[in-house]
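Worksheet for the structure shown next.
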Amino acid sequence: MGRVRQTRLVLVVDRPDPSAVRVRTLVPDAAATDDPSGPVGTTHPATHWPDLAGQAGGAPGPAPRWVWDDTNLWYPQALAAGRRVERAHDLRLARAILRRSSLTAATPYAAAPPSGWDELRPVPAAPPPPAGGVEALFDLLPAPRTAPALDPVDEVRAQLAAVAASTDPGRLRLLLAAESAGALVAAELTHAGLPWRADVHDALLAATLGPRPRPGERPARLEELAVRIREILESPALNPDSHPDLLRALQYAGVGARSTRQWELEKLDHRVVAPLLEYKKLSRLLTANGWNWLDQWVTDGRFRPEYVVGGVVTGRWAANGGGALQLPHQVRSAVVADPGWTFVVADAAQLEPRVLAGMAGDLQMAEAGRGGDLYQGIVDAGAVATREQAKLGMLGAMYGGTTGESGRMLPRLARAFPRALELVEQAARAGERGEVVSTRLGRTSPRPGSAWQEAQGEAYGLDAPPDAQDAARAQTRAWGRFTRNFVVQGTAAEWALCWMASLRTRLWALPPATRPGGAPAPFTDRAHLVFFLHDELIVHTPAEHAAEVAVQVREAAAEAGRLLFGDLPVDFPLTVAVVESYDRAK
DNA sequence: TCCAGGGGCGCG
DNA sequence: AAAGCGCGCCCCTGGA
């Protein structure tokens with residue numbers, strides 16, 4: 001880009017003592033230059049930090065980048081007070097990346113002994129305030145817990161220096177920006193919540209399980225099934241929830257089950273199988289997403305899980321509470337847009353193999369994925385005969401599968417797409433040697449644990465037991481499968497972060513609904529993200545803006561592709577659906 | 001009575 | 001059809 005960038009303020013916020021919030025200014029922005037040595041600017045004593053966020057955010061020129069120890073300690077309060085932050089740098093998340101990245105391995109930052117910054121654990125996001133009570137409630141929110149000894153100005157300078165001294169500052173800078181943007185999105189997702197119709201959910205449960213039972217009792221439908229199972233197995237005291245109990249009863253009745261797993265039971269020819277599978281299915285619905293779940297997780301028509309950014313080793317998000325990333329398709333009909341609003345549900349098609357094509361620079365695979373269905377493209381390229389074979393084969397390549405149809409496809413795929421297949425093979429070999437691997441942007445896998453190392457050493461000692469070598473070999477392969485998958489899953493997670501970060505900015509530029517809501521609405525008065533699931537997201541939007549949102553979602557995906565892979569011609573097509581409820585997508 | 005771990009299953 | 005990767009959460013069991 002040829003244009004001159006305007007200086008973006010970097011504002012470092014912390015709470016050195018309980019009575020004051022301190023905001024210090026660093027210039028220039030980390031994104032504009034690698035120079036971390038700007039002077040420390042003014043200090044603003046304050047007790048009401050969202051006002052500062054609001055003032056700084058309203059200043060002319062580019063919005064500042066806020067630097068803080070942990071997004072969850074600062075941002076939920078600002079959101080509750082109606083303030084939106086445009087850019088951030090989360091020191092805890094950035095540190096976790098930089099301390100382990102192979103790109104910074106040669107820097108003093110990576111070599112330094114552990115400090116208090118390494119001990120920071122994710123904190124739960126502050127729960128959103130109940131509707132109406134915002135101003136009064138705000139000052140009661142707990143104080144941020146920054147340890148006084150940990151100076152965020154020192155830390156951010158050290159991080160910027162590490163990035164500048166790394167083997168690829170551009171990639172790391174993008175990764176840190178994306179990770180922090182993800183932290184903002186995660187806080188906003190919790191703040192906004194996923195629209196959830198408790199009445200629809202309750203009706204669904206009642207239709208499937210029977211009316212809500214008294215605490216401690218089984219719903220009627222489930223109880224009927226339990227009775228039938230006991231009759232068929234002639235085991236009057238059987239508790240079908242107890243695996244050992246159930247397995248014993250199955251064996252005693254001569255059913256021939258080796259476990260109580262669904263797919264094992266399905267293979268058996270016995271009249272207990274049908275009611276038992278039905279019982280397990282309904283039981284799962286009841287315990288995982290039944291009335292208790294509804295009571296605990298849905299309030300004011302919103303499901304507000306807590307997302308844990310970087311909670312998975314690969315860089316994927318995890319979630320706490322409510323099983324947010326495991327929402328069964330069975331209950332998605334309860335996810336209903338508000339009146340006058342609608343959902344735009346977008347899903348990145350075959351994200352992981354596309355990311356692999358990009359990383360490997362595999363132009364043949366990129367060509368196979370041009371525009372449409374990558375798996376069909378693999379068939380059309382003549383590599384395999386059917387779409388299902390292409391899918392199984394690619395999954396096997398990325399997960400390390402060796403058996404069955406999946407394994408049989410590997411040689412053909414390797415012939416057609418040598419670069420892509422070679423990349424995952426290399427990653428697997430590195431893992432088997434105990435080495436680390438890295439994603440496109442530089443997130444690096446952990447080293448195997450000490451138990452792994454010891455098992456490797458012991459297996460080849462003089463007095464090693466005969467099966468120690470087998471066990472060690474199995475562990476070796478398992479770690480290879482992990483590193484093989486790490487590069488793909490981790491890079492896909494980076495793509496998704498860039499996608500969301502770009503979309504977040506684009507949605508903010510859209511107009512508010514013509515009929516705004518009542519409560520403070522830093523961003524929920526217009527199209528906004530309400531759900532994220534690895535390669536899929538949901539935007540809740542005023543119905544009149546849905547078409548524009550669909551355009552922006554696609555453009556954000558294209559932008560994410562360019563950010564990760566530059567001019568390499570890898571497409572990232574989306575499946576986009578404009579729907580009133582989540583179950584109507586796909 | 002508490003808690004770790006296994007079995008199982010939901011999601012990508 | 002599960003397998004090969006990554007998760008969270010449920011129930012139950014068995015040991016402290």
Side-chain angles (χ1 to χ4, degrees), chain A residues 218 222 238-248 257-267 276-277 279-290 292-293 296-297 305-332 347-353 355-356 388-389 391-410 424-425 427-428 431 437 439 443 445-446 474 477-493 495-496 531-537 582 586:
Chain A
R218 278 198 183 89
L222 216 41
L238 170 67
N239 172 11
D241 293 326
S242 165
H243 296 137
D245 226 17
L246 181 58
L247 193 56
R248 260 194 304 275
R258 298 206 320 281
S259 77
T260 67
R261 288 188 210 109
Q262 208 169 23
W263 63 270
E264 290 262 12
L265 295 173
E266 279 166 4
K267 294 189 297 195
L276 188 51
L277 290 176
Y279 180 91
K280 288 166 78 77
K281 190 175 159 73
L282 296 189
S283 175
R284 169 79 193 186
L285 173 63
L286 174 70
T287 57
N289 295 97
N292 291 340
W293 181 92
Q296 187 178 355
W297 292 107
E306 182 204 337
Y307 298 89
V308 186
V309 176
V312 179
V313 274
T314 59
R316 271 188 176 182
W317 290 9
N320 272 339
L325 303 185
Q326 310 143 253
L327 269 192
H329 292 94
Q330 214 177 354
V331 301
R332 293 186 180 183
D347 180 311
Q350 307 103 32
L351 177 57
E352 292 193 350
V355 152
L356 172 57
E388 199 56 18
Q389 287 178 337
K391 182 176 178 177
L392 285 171
M394 284 311 299
L395 288 178
M398 295 183 298
Y399 291 165
T402 54
T403 60
E405 187 82 328
S406 172
R408 274 195 292 281
M409 293 305 114
L410 290 182
V424 284
E425 282 304 316
V437 295
T439 60
R443 198 187 305 260
S445 68
R477 294 226 178 93
W479 198 259
R481 288 194 300 272
F482 165 64
T483 51
R484 170 195 294 270
N485 186 248
F486 182 95
V487 294
V488 179
Q489 187 182 118
T491 303
W495 181 91
F531 195 57
F532 172 64
L533 190 54
H534 306 313
D535 60 358
E536 177 181 344
L537 53 79
Y582 189 17
K586 277 197 286 198

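Because only heavy atoms are used, hydrogens play no part in the values below, and waters and symmetry mates are left out as well, while side chains stay in. To find a chain, count down the sequence lines: A is the first, B the second, and so on, and within it residues start at 1.
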From [X] [atom1] over to [Y] [atom2], what is the distance, rounded to the nearest 0.5 angstrom?
X	Y	atom1	atom2	answer
Q489(A)	L356(A)	CD	CG	13.5 Å
Y582(A)	L533(A)	OH	CG	5.5 Å
R261(A)	L247(A)	CZ	CG	10.5 Å

Look at all strands and tell whether [X] reaches a base, only sugar-phosphate, or nothing, counting heavy atoms closer than 4.0 Å.
X	value
E266(A)	nothing
R332(A)	sugar-phosphate
K267(A)	nothing
L351(A)	nothing
S283(A)	nothing
T402(A)	nothing

Review point. Hey, is the side chain of T260(A) poking within less than 4.0 Å of OP1 or OP2 on dG8(B), counting only N and O atoms?
Key: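 Affirmative; the distance criterion is met.
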Exercise for review: Examine dG10(B): is either OP1 or OP2 under 4.0 Å from a nitrogen or oxygen in the side chain of H329(A)? Give yes or no.
Suggested key: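 Checking dG10(B) against H329(A), no side-chain N or O comes under 4.0 Å of OP1 or OP2.
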Could you check which of [options] has an atom nearest any side-chain atom of [X]?
X	options	result
H534(A)	dA3(C), dG8(B), dG6(C)	dG6(C)
Y399(A)	dG8(B), dG4(C), dG10(B)	dG4(C)
P328(A)	dC5(C), dG10(B), dA2(C)	dG10(B)
Q489(A)	dA3(C), dG8(B), dG6(C)	dG6(C)

**Study point:** Nearest-nucleotide comparison on DNA chain C, the residue closer to the 5′ end among L395(A) and R408(A)
**Key:** R408(A)
Given atom [atom1] of [X] and atom [atom2] of [N], what is their separation to the nearest angstrom?
X	N	atom1	atom2	value
R477(A)	dC5(C)	CZ	P	13 Å
Q330(A)	dG10(B)	CD	P	8 Å
L392(A)	dA2(C)	CG	C1'	10 Å
Y582(A)	dG12(B)	OH	P	7 Å
D535(A)	dC5(C)	CG	C1'	14 Å
R481(A)	dG6(C)	CZ	P	9 Å
E388(A)	dA2(C)	CD	P	12 Å
K391(A)	dG12(B)	NZ	P	11 Å

**Study point:** Considering all heavy atoms, the nearest F531(A)-A324(A) contact
**Key:**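 F531(A) and A324(A) have their closest heavy atoms at CZ-O, 3.2 Å.
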Review point. How close do A492(A) and E352(A) get, heavy atom to heavy atom, and via which atoms?
Key: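 Reported closest heavy-atom pair: CB-CG, 3.9 Å.
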Exercise for review: Answer yes or no: side-chain N or O of R316(A) and base N or O of dG12(B) forming a donor-acceptor pair under 3.5 Å.
Suggested key: yes
Review point. Less than 4.0 Å between a side-chain N and a carboxylate O, is that true for E264(A) and K280(A)?
Key: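 Looking at K280(A) and E264(A), the cut-off is not met.
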**Study point:** Nucleotide pairing, DNA chain C (Watson-Crick or G-U, distances under 3.5 Å), in dot-bracket with [ ] and |
**Key:** ....||||||||||||
Exercise for review: Return the orientation label for the W479(A) and F482(A) ring planes: parallel under 30°, perpendicular over 60°, tilted otherwise.
Suggested key: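 W479(A) vs F482(A) ring planes: tilted.
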Exercise for review: Using atom types as modelled and distance alone, determine if a side-chain donor or acceptor of R484(A) lies under 3.5 Å from a backbone N or O of A397(A).
Suggested key: yes
**Study point:** T483(A) side chain vs A427(A) backbone, donor-acceptor pair below 3.5 Å
**Key:** yes
**Study point:** Test log, rule salt bridge (charged side-chain N to carboxylate O under 4.0 Å, His left out), inputs R408(A) and E405(A)
**Key:** CA-CA 5 Å; R408(A) 274 195 292 281; E405(A) 187 82 328; 3.1 Å; yes
Review point. Taking syn as any angle within 90 degrees of 0 and anti as the rest, which one fits dG4(C)?
Key: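 dG4(C): syn.
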Exercise for review: Begin from the C-alpha positions of S406(A) and L395(A) and carry the test side chain to side chain contact (heavy atoms under 4.5 Å, CB included) through to its verdict.
Suggested key: CA-CA 7 Å; S406(A) 172; L395(A) 288 178; 5.7 Å; no
Point to revise | Footprint string (nucleotides 7-16 of chain C, 5' to 3'): B base within contact, S backbone only, - free, heavy atoms under 4.0 Å | key: SBSSSSS---
